[in-house]
Structures are given as structure tokens and as C-alpha cells.
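Everything quoted here is computed from the prediction, not taken from an experiment. What you see below is based on every heavy atom in this structure, not just the backbone, and it leaves out hydrogens, waters and symmetry mates.
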Amino acid sequence: MRRTLYQDEHLMFRDAFHRFLEKEILPYHEQWEHDGIVPREVWRKAGELGFLCFEAPEELGGLGESDYRYHAVIAEELAYHGATGVGFGLHSSIVLPYILRYGTPEQQRRWVPRMVSGEWIGAIAMTEPAAGSDLAGIRTTAIRQGDCYIVNGQKTFITNGINSDLVITVVKTDPSQRHKGISLLVIERGMEGFTRGRNLEKIGLKAQDTAELFFDNVRVPVANLLGEEGKGFYYLMERLPQERLDIAVTAVAACEAALDMTLRYCKERTAFGQPIGSFQNSRFKLAEMKTEIEIARVFVDRCIEALNAGELTAEEAAMAKWWTTDLQKRVMDECLQLHGGYGYMLEYPIAKFYLDARVQAIYGGTNEIMKEVISRGMGL
């Protein structure tokens, strides 16, 4: 089915980013996977070419372009080429909007230009060792003392955790409250008492630096409070649908790429004197995947249109995230199976796609939580 989502300007942007990907990312990505981190120079190059934070207004160095389709283009291109561990999407599509929506003009002048240029890298710290999907259960505290907050606690599984220069940190400014005690505080690199733990070793997305963060009596100026005190949970709920759509966009693109590479393999690989794609089981499996991916693509494209129109609901974003990431797991498993023993070898891209896919059903809210969101929207 022909996609109607993108217009000429989006296709031109895709071509430009694809050239950047081929020149600056793909030749080095295997080494980054080994190193567990993407070099900061690549971020600066992306910033120079306008591939970061293009939603930022022109007076802050951005393009003033709020069309989500540009984010989708970058997410798709990275997914098509197995480079989803490059954390551009989190930086531009998740962290920046918090600052643009809830930050003061002074905060935006301090942080946004350096995010646009790639000089500063953003992260958001929600998850803790004892609190994942239950954000109200976080234990990191920020107790006000005069013109500062004193922050104590720790976070884990933080994307861009090693590279990040500013971290939107979910804290309890009123530990006696659950949801109403949550605030967002921006903690910056170099603040005394703010340290980073291990760059965590994962089974997939190995180029993505994922870290533990520790806060030991960190003095954070009140001027770094994002929005109003006690409104953090509301801000998170307002912004999570876009994060979940980001995940769904990546999931569908990864499925398309995996199916393409598997179809080629099935046409070339022979068994019993004929291509394995000619066997009925292979044909049926490929046909089933093609159909489900097409259906997912149509729904996700419609969600993108809804987001641009300001109409995407939390329930629809949860549906997209849950369905596409479960589909991604099934597709990767079937594609690896069709590759046979070669699929288990890391020299074949499908093995990496398989490993990278597993976390998609976990972060951004587990798929079990997505079903809770959907059922609550049904009045249950």
C-alpha cells in the first residue's frame, strides 16, 4: 500500500539524513557497539547539519519545525539500518519538548542552543532500581533549602546516561505524596555530588550508552526546576504519548527492514535443491509478516497524523506501542528462524535486529502497562 504520510520536503530531508547516516554513522557503528557509546563528535556533526532539535525556535538556533514527521524520518532511517542505539531521538523528540513546553525563557536560552548544536546531550531519568513503571514510587528526593534543592537518590537504565550534559530528573519534592509530590529538576554535568555509575552492558542496542546515575546531596538551583513544583507527574503523562509513538515508529521500520533482508535470504538460500522461500511454510510465514506489518504501518502513520493535529490520545499511543513492539518481537523471531543457523550468527544482521528488539516492549512503559492505559480509557 502506497504511503501518503510524507510530502516532498520530508523525502528531501530523508535523503539528506540518509547521506549523513552512510557517511558518519554506518562505517563506524560496529566499533561504537563494541565501545558501548557514540562519540560526541557525531552529535556535533549532526547538529551542524540541522538533524538535532529542529523543533527549537529559530532565535534559539533551531528550525522552528514542529512537524513530527521529521522525527519519524530519522527514527525510521536509524531503524532500517540497525542503528537505533544512536540516541538522537531521545534528545530531540523527548528531552527537548519538555524544555520547550515547560521551561522558562531563561532556561531555554541556557540549554536549547547547545542542544541544537550537539554540544550538549540530553537525557531523562525516571527509572530507579525499585521503581520502573510505577513512577509514583520513586525515592529520589529534592528537598528545598533556600534557593537550592538538595537531591539524593539514584536512577538506572538511563539512555544517554554517560554522554548526557543535562538530565531531566524525576524527583520527589514532597516525599509524603505520591503523584502530587513529583517534580522535574534539570541536573547538569559537573554539579558536585552528581556521579555516573557503570555504562551498563545490555544484550542489544549496544552502541547506546545506558547508565546508572547517583545523587549525593547535589545542590541544584531552584532556577533548574522545570515547570511548577508538584506538577511533574502531569507533565510526564502529557509527554509520554509522543515517546511511545517514537517507539512504535522504530518498531514498524525495524520489522520492514527485517522482512526485506529475510525475503532476500529466502530467495537466495537453497535446500533440497530449491530456494527455501519456495516452501509453503516459508511462503506462509513471509505472507503473514507482510500483512501484519502493513496493518501496523497504516495505524502508526495515522497516529503520526493525529499527533501532528494535536489529537493523539494516550490510549492510541499505548495501542501503537504495545501492538507494534509485540509484532516486532514476533517478526524478529520468525525472520531469525527462517535464516536457520545463520540467523544465530552475529555476522548476519538479523541476529542484531533480534537482540535490539527485545527492550522495545519494556521501556517507555511496559506493554502490560500499555494494556492498563487502554483499559482505563475504556472506563474499566
Side-chain angles (χ1 to χ4, degrees), residues 87 90-91 94-104 106-112 114-115 119-200 209-240 243 363 365:
L90 176 81
H91 176 83
I94 298 174
V95 176
L96 178 73
Y98 277 96
I99 297 172
L100 295 182
R101 302 297 186 277
Y102 313 119
T104 65
E106 189 275 334
Q107 288 174 333
Q108 292 174 10
R109 287 192 295 270
R110 282 170 56 199
W111 297 322
V112 172
R114 285 183 282 190
M115 290 182 68
E119 179 187 354
W120 274 26
I121 297 170
I124 184 164
M126 301 185 202
T127 303
E128 298 182 0
S133 296
D134 179 19
L135 287 174
I138 65 165
R139 298 177 183 176
T140 298
T141 58
I143 306 304
R144 184 163 181 173
Q145 290 186 6
D147 61 355
C148 285
Y149 288 99
I150 309 302
V151 181
N152 285 282
Q154 68 182 97
K155 301 290 183 178
T156 193
F157 309 143
I158 306 307
T159 301
N160 293 347
I162 299 296
N163 267 336
S164 56
D165 300 279
L166 60 85
V167 183
I168 297 175
T169 308
V170 182
V171 297
K172 279 284 185 72
T173 45
D174 184 351
S176 68
Q177 300 289 322
R178 279 179 58 80
H179 302 87
K180 294 181 180 180
I182 292 176
S183 302
L184 304 182
L185 202 58
V186 177
I187 299 180
E188 300 174 50
R189 178 184 292 276
M191 288 183 169
E192 187 175 354
F194 171 33
T195 57
R196 301 159 206 266
R198 296 175 297 142
N199 188 355
L200 300 170
D209 56 306
T210 305
E212 302 168 309
L213 306 179
F214 299 95
F215 311 103
D216 182 10
N217 290 320
V218 183
R219 296 181 64 84
V220 182
V222 170
N224 279 30
L225 177 68
L226 203 57
E228 298 180 41
E229 189 174 295
K231 293 287 186 69
F233 189 80
Y234 168 78
Y235 299 150
L236 292 166
M237 293 305 101
E238 188 173 66
R239 299 308 313 162
L240 276 170
E243 179 178 352
Y363 57 20

Approximate separation, where rounding is to 0.5 Å, of L184 CG and Y98 OH: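 The distance works out to 6.5 Å.
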Non-hydrogen atoms of [X] and [Y] that approach each other most closely:
X    : Y    : result
I99  : I168 : CG1-CD1, 4.4 Å
T140 : K155 : OG1-CE, 3.7 Å
L200 : A211 : CD1-C, 4.2 Å
E188 : W120 : OE1-CH2, 3.3 Å
I158 : T127 : CD1-O, 4.2 Å
E243 : M126 : OE1-CE, 4.0 Å

Check: [Y] main-chain N/O paired with [X] side-chain donor or acceptor under 3.5 Å:
X    : Y    : answer
K180 : D174 : no
Q107 : L225 : yes
R196 : S164 : yes
N160 : G122 : yes
E229 : T173 : no
N199 : D209 : no
Q177 : I182 : no
Q145 : I150 : no
Q108 : G103 : yes
N152 : N217 : yes

Heavy atoms of other groups near E192 CD, more than 12 under 6.0 Å: no
Y234 OH: over 12 foreign heavy atoms closer than 6.0 Å: no
Whether H179 and F233 hold their rings parallel, tilted or perpendicular, with breakpoints at 30° and 60°: perpendicular
Residue pairs fulfilling salt bridge (charged side-chain N to carboxylate O under 4.0 Å, His left out) with at least one residue in residues 157-170, sequence neighbours excluded: R40-D165, D165-R189
